[in-house]
Amino acid sequence: MPADRPDPQSYIIQIVEREAPTIDSVRRSLRDTGVILDAEYGPYPVDPHRGLYVAHCWADEPSRRRAEDRGIAFFDDPEITPTARQA
């Protein structure tokens, strides 16, 4: 997680684009929102026929609201840890 942001939360974002988005086109969509895009995760196709793609990012609440105003959907990306195996 980038250290230069106060309390950013990890999210998966959904991008709707008819053409397969590139990391640069997603960056352009998020420009001036404050959302930090993870260049190593996405965009990945979920349903390319409908133009649905996902990527990973970090955002604080004001940044998230600005991006949502542009039509970007956010989903929590909780940390998943393994559970103990039952005998």
Identify each donor-acceptor pair in which a side-chain atom of residues 38-53 lies under 3.5 Å from a protein atom, sequence neighbours left out, and give them as a table.
from, atom 1, to, atom 2, distance (Å)
D38, OD1, E40, N, 3.0
D38, OD2, H56, ND1, 3.1
D47, OD1, H49, N, 3.3
D47, OD1, R50, N, 3.4

Self-check item: Minimum-distance pair of heavy atoms, taken over all atoms of W58 and P8
Solution: CB-CB, 3.9 Å
Practice problem: Rounded to the nearest 0.5 Å, what's the gap from CD on E61 to CZ on R66? Could you check? | Solution: 11.0 Å
Quiz item: Is there a chain of hydrophobic side chains (I, L, V, M, F, W, Y, each step under 4.5 Å between heavy atoms) that links I23 to V54?
Solution: no
Practice problem: Return the set of residues passing side chain to side chain contact (heavy atoms under 4.5 Å, CB included) with P82 (not counting sequence neighbours), or none when no residue passes. | Solution: none
Quiz prompt | T33 (side chain) donor-acceptor with S63 (main chain) under 3.5 angstrom | solution = no
Quiz item: Where is the tightest heavy-atom contact between A59 and Y11, given as atom of each residue plus distance?
Solution: O-CE1, 3.6 Å
Exercise. Could you tell me which residues satisfy side chain to side chain contact (heavy atoms under 4.5 Å, CB included) with E79, sequence neighbours excluded, listed by chain and number?
Key: T81
Quiz item: Taking only residues at least two apart or on different chains, which pairs with a member in residues 16-40 satisfy ring-ring contact (aromatic ring centres under 6.0 Å, His included)?
Solution: none
Practice problem: To the nearest 0.5 Å, tell me how far L37 CG sits from S29 OG. | Solution: 9.5 Å
Self-check item: side chain to side chain contact (heavy atoms under 4.5 Å, CB included) partners of D32, counting only residues at least two apart
Solution: R70
Exercise. Using only heavy-atom distances, determine whether the side chains of D76 and Q9 contain a donor-acceptor pair under 3.5 Å.
Key: yes
Exercise. Evaluate side chain to side chain contact (heavy atoms under 4.5 Å, CB included) for L30 paired with I72, printing each intermediate quantity in order.
Key: CA-CA 9 Å; L30 296 171; I72 304 290; 4.1 Å; yes
Quiz prompt | By side chain to side chain contact (heavy atoms under 4.5 Å, CB included) - contacts of T22 (at least two apart) | solution = D24, S25
